[in-house]
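Please read all numbers here as calculations on a predicted model, not as lab measurements.
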Amino acid sequence: MAILEILRYPDSRLRNKAKPVEQVDAETKQLIDDMFETMYEAPGIGLAATQVNSIKRLLVMDVSEQHDDPLCLINPEIVFKEGEEKEEEGCLSVPGVSESVKRATRIQVKALDRDGNPIELDLEGLPAVCIQHEIDHLDGKLFIDYLSSLKRTRIRKKMEKEARQPDDA
């Protein structure tokens, strides 16, 4: 397994739209394993393939405290949404920034699991928010896109300034 580089906003590659996974093969499973390792190391609760510069439509997540409930969704599709709540979100691609974002309270998602088997999940709370956030990544959208243009501009300037700073500063 390997730790992958997580792209940081405003990297334009974060705007790439992921393409459906045609076949769950050894290469796909290796990417999934590497994404889990990267997500846990970061540390985070979710990671979309586009965040590690892969245009495959897949995501990994684990919202458990002990990191013992990993979930991989290949070609995820939200088929039902209900309710609305505003929750604080952060993102591994926009480190150090958290903002409130409106999301559906409850969702139903269809996908393939790590072995390519079809699954359907009914989720609410943090797992539902996490999946919506990661599917947005697969569609080339970031949580900051839900914010005002003023907030987005401030975040962009902050991230650009941090990117110019030497690592040892």
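- Counting only distance, with no hydrogens or angles, the side chain of D62 and the backbone of D68 share a donor-acceptor pair below 3.5 Å.
- Not a single donor-acceptor pair under 3.5 Å links the side chain of R106 to the backbone N or O of D122.
- At least one side-chain heavy atom of Q51 sits less than 4.5 Å from a side-chain heavy atom of L14.
- Under the 6.0 Å distance and 45° angle rule, K151 does not count as a cation-pi partner of Y146.
- Within the 4.5 Å cutoff, side-chain heavy atoms of L147 are placed close to those of I155.
- Judged by distance alone, with hydrogens and angles left aside, the side-chain atoms of R57 form no donor-acceptor pair with the main-chain N or O of V21 at under 3.5 Å.
- Using a distance-only test at 3.5 Å, with no hydrogens or angles considered, no donor-acceptor pair links the side chain of E124 to the main chain of T105.
- When E82, E89, E134 are each tested for a salt bridge (charged side-chain N to carboxylate O under 4.0 Å, His left out) with R103, only one passes: E89.
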Task: Derivation and outcome, salt bridge (charged side-chain N to carboxylate O under 4.0 Å, His left out), residues K141 and D139 - done: CA-CA 6 Å; K141 190 170 185 175; D139 293 333; over 6 Å; no
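- The main-chain N or O of I3 is never found under 3.5 Å from a side-chain atom of T38 such that the two would form a donor-acceptor pair.
- Under the 4.5 Å side-chain criterion, counting only non-hydrogen atoms from C-beta, N53 is not in contact with E5.
- Considering only heavy atoms from C-beta on, K157 stays 4.5 Å or farther from K161 through its side chain.
- Residues P43 and L92 approach most closely at O-CD2, 3.6 Å, considering heavy atoms.
- Contact of the P76 side chain with the I131 side chain is not registered, since no non-hydrogen atoms from C-beta on lie closer than 4.5 Å.
- Of the residues L31, L47, T50, the one that meets the side chain to side chain contact (heavy atoms under 4.5 Å, CB included) test with L58 is L31.
- Contact annotation: the side chain of K110 never approaches that of F80 to less than 4.5 Å [non-hydrogen atoms, C-beta and beyond].
- Annotation for E65: atom CD does not count as buried by contact number, only 12 or fewer foreign heavy atoms lying within 6.0 Å.
- When side chains are defined from C-beta on, K81 counts as touching I107, because their heavy atoms get closer than 4.5 Å.
- When hydrophobic clusters are built by joining Ile, Leu, Val, Met, Phe, Trp and Tyr residues whose side-chain heavy atoms come closer than 4.5 Å, directly or via intermediates, M39 is grouped together with L4.
- With hydrogens and angles ignored, the 3.5 Å screen pairs a side-chain donor or acceptor of D145 with a backbone N or O of L142.
- Between atom NE2 of residue H133 and atom NE2 of residue H137 there is a gap of 3.5 Å, rounded to the nearest 0.5 Å.
- Two residues are said to be in side-chain contact when any heavy atoms from C-beta on lie closer than 4.5 Å; I135 and L59 meet this criterion.
- No hydrogens or angles considered: nothing links the side chains of Q132 and D136 as a donor-acceptor pair under 3.5 Å.
- In this structure, S93 contributes its side chain and L7 its backbone to a donor-acceptor pair below 3.5 Å.
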